[in-house]
Amino acid sequence: MLIRCVQQKTEGKPLKLAKSWVSLEKINPDLQLAVVCSEDQNFLRHHGFDYDAIERAIDYNDNHKRKRGASTISQQTAKNVFLWPGRSWVRKGLEVYFTFLIEMFWSKERIMTVYLNVIEMGDGVYGAEAASREYFHKSARNMNKLECASIAAVLPNPRKFNAARPDVFVQNRRAWILNQMILWGGILNYNPEIKK
């Protein structure tokens, strides 16, 4: 967040830092499902690393100029909470270490809570509550399914895309996310042994 504030000032933009921590119960379950559908569909099954996604990303990156990542929600949480942006081997090594620790000591619900409270969702906008208020003028609990999918759709580049004014890319990505949410049955069940 501090790095982004410095970037805003050096780019001549007004300083903006919107953030408001809320519990997972105060974040619409549709947003939780939307980010899993868009960012890490194996979130509930892996232990921090999605080896199949890593393998697919390596194959893709060998044949394409534009690179694709394979970071899980757990890895993104580790990076956003404990590290700095960048692509050095040192940072990646520390990301692996912190991902291993949070997967060992935090539940999936805790990882999701932290993720949805620290992730950048716009230029100077961090977390679900701040994004919901910024884009839709309501609490994160009161967003509708379309608004939840819109926020998830901007996550590849939240400083470029806007959930309230989606361009064609975001609209297409949002439609794909909504379809994935339907295929998931419309619910993210953290405890699969408990039927809802």
Side-chain angles (χ1 to χ4, degrees), residues 1-9 11 13-41 43-44 48 69 71-86 91 94-95 98-99 101-103 105-167 170 173-174 177-178 180-181 187-188 190:
M1 290 178 205
L2 179 61
I3 291 169
R4 290 290 189 240
C5 287
V6 170
Q7 287 175 336
Q8 288 171 353
K9 292 311 273 179
E11 293 170 3
K13 297 178 181 175
L15 186 62
K16 180 176 184 180
L17 178 58
K19 184 178 181 338
S20 181
W21 187 281
V22 293
S23 66
L24 194 61
E25 293 76 30
K26 292 184 178 176
I27 299 173
N28 189 319
D30 285 333
L31 180 59
Q32 299 170 47
L33 178 59
V35 298
V36 167
C37 287
S38 68
E39 297 292 299
D40 182 4
Q41 292 202 7
F43 174 65
L44 296 177
S71 290
T72 63
I73 286 174
S74 303
Q75 287 175 274
Q76 292 176 53
T77 303
K79 180 190 75 166
N80 288 323
V81 173
F82 300 110
L83 302 168
W84 61 93
R91 193 201 57 77
L94 289 170
E95 180 184 305
F98 284 115
T99 300
L101 288 178
I102 67 173
E103 279 282 341
F105 293 109
W106 292 357
S107 67
K108 291 294 186 177
E109 292 94 331
R110 177 65 179 158
I111 294 169
M112 181 63 73
T113 301
V114 174
Y115 175 77
L116 287 175
N117 275 287
V118 301
I119 190 156
E120 188 173 24
M121 295 183 168
D123 194 11
V125 179
Y126 297 90
E129 184 68 17
S132 181
R133 295 206 180 272
E134 173 79 16
Y135 298 124
F136 306 116
H137 313 291
K138 59 176 78 168
S139 72
R141 180 74 187 151
N142 293 325
M143 286 189 294
N144 63 41
K145 196 177 299 267
L146 185 70
E147 292 163 341
C148 291
S150 294
I151 286 179
V154 303
L155 293 180
N157 194 340
R159 293 171 59 206
K160 175 182 176 184
F161 301 122
N162 186 304
R165 294 184 306 279
D167 62 9
V170 173
R173 187 165 162 76
R174 178 179 64 193
I177 292 167
L178 287 166
Q180 293 298 305
M181 291 168 72
I187 190 164
L188 181 64
Y190 292 101

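Note: hydrogens, waters and symmetry copies are ignored here, and every other heavy atom, side chains too, is used. Residue numbers run from 1 in the order of the sequence given.
Between the side chain of Arg173 and the main chain of Ala153, a donor-acceptor pair closer than 3.5 Å is present. Judged by distance alone, with hydrogens and angles left aside, the side-chain atoms of Lys160 form no donor-acceptor pair with the main-chain N or O of Val154 at under 3.5 Å. Put simply, the side chain of Thr72 never gets that close to the backbone of Asp40: no donor and acceptor are under 3.5 Å apart. No side-chain donor-acceptor contact under 3.5 Å links Thr113 to the backbone of Ser23. With Ser38 contributing its side chain and Ala34 its backbone, the two residues share a donor-acceptor pair below 3.5 Å. When atom types are taken as modelled, the side chain of Glu129 and the backbone of Ala140 share a donor-acceptor pair closer than 3.5 angstrom. Side-chain N or O atoms of Gln32 include one that pairs as donor or acceptor with a backbone N or O of Ile27 at under 3.5 Å.
We find the CD-NZ distance between Glu95 and Lys79 to be 7.0 Å, quoted to the nearest 0.5 Å. Considering CG of Asn162 and CD of Glu134, their distance stands at 8.0 Å, rounded to 0.5 Å.
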Exercise. Tell me, with the steps shown, if Trp106 and Val114 meet side-chain contact (heavy atoms from CB on, under 4.5 Å).
Key: CA-CA 10 Å; Trp106 292 357; Val114 174; 3.9 Å; yes
Quiz item: Is there a side-chain contact (heavy atoms from CB on, under 4.5 Å) between Leu116 and Met121 once you walk through the steps?
Solution: CA-CA 9 Å; Leu116 287 175; Met121 295 183 168; 4.0 Å; yes
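With sequence neighbours excluded, no residue forms a side chain to side chain donor-acceptor pair (under 3.5 Å) with Thr99. Listed by chain and number, the residues in a ring-ring contact (aromatic ring centres under 6.0 Å, His included) with Phe136 amount to none (sequence neighbours excluded).
Between Glu25 and Arg141 the shortest side-chain heavy-atom distance does not fall below 4.5 Å. Side-chain contact between Met181 and Asp30 is present, with at least one heavy-atom pair separated by less than 4.5 Å. Between Tyr126 and Asn80 there is no side-chain heavy-atom pair separated by less than 4.5 Å. In this structure the side chain of Ile73 never reaches within 4.5 angstrom of the side chain of Lys108, judged on heavy atoms. Looking at Phe43 and Ser74, their side chains come closer than 4.5 Å, going by heavy atoms from C-beta outward. The closest side-chain heavy-atom distance from Ile102 to Phe82 is below 4.5 Å. Two residues are said to be in side-chain contact when any heavy atoms from C-beta on lie closer than 4.5 Å; Leu44 and Leu188 meet this criterion. A 4.5 Å side-chain heavy-atom check between Asn142 and Glu147 finds every atom pair outside the cut-off.
Considering every non-hydrogen atom in both Met143 and Ile151, the closest pair reads SD-CD1, 3.5 Å. When all heavy atoms of Ala128 and Leu31 are compared, the pair lying nearest together is CB-CD2, 3.5 Å. Ala130 and Ser20 make their closest contact through CB-N, 4.3 Å (heavy atoms, listed as atom of the first residue, atom of the second, distance). Heavy atoms only, all atoms of each residue included: Gly122 and Tyr135 are closest at CA-OH, 3.2 Å. Pro156 and Ala152 get closest at one heavy-atom pair: CD-O, 4.2 Å. The two residues Gly124 and Glu120 come nearest to each other via the heavy atoms N-OE2, 4.3 Å.
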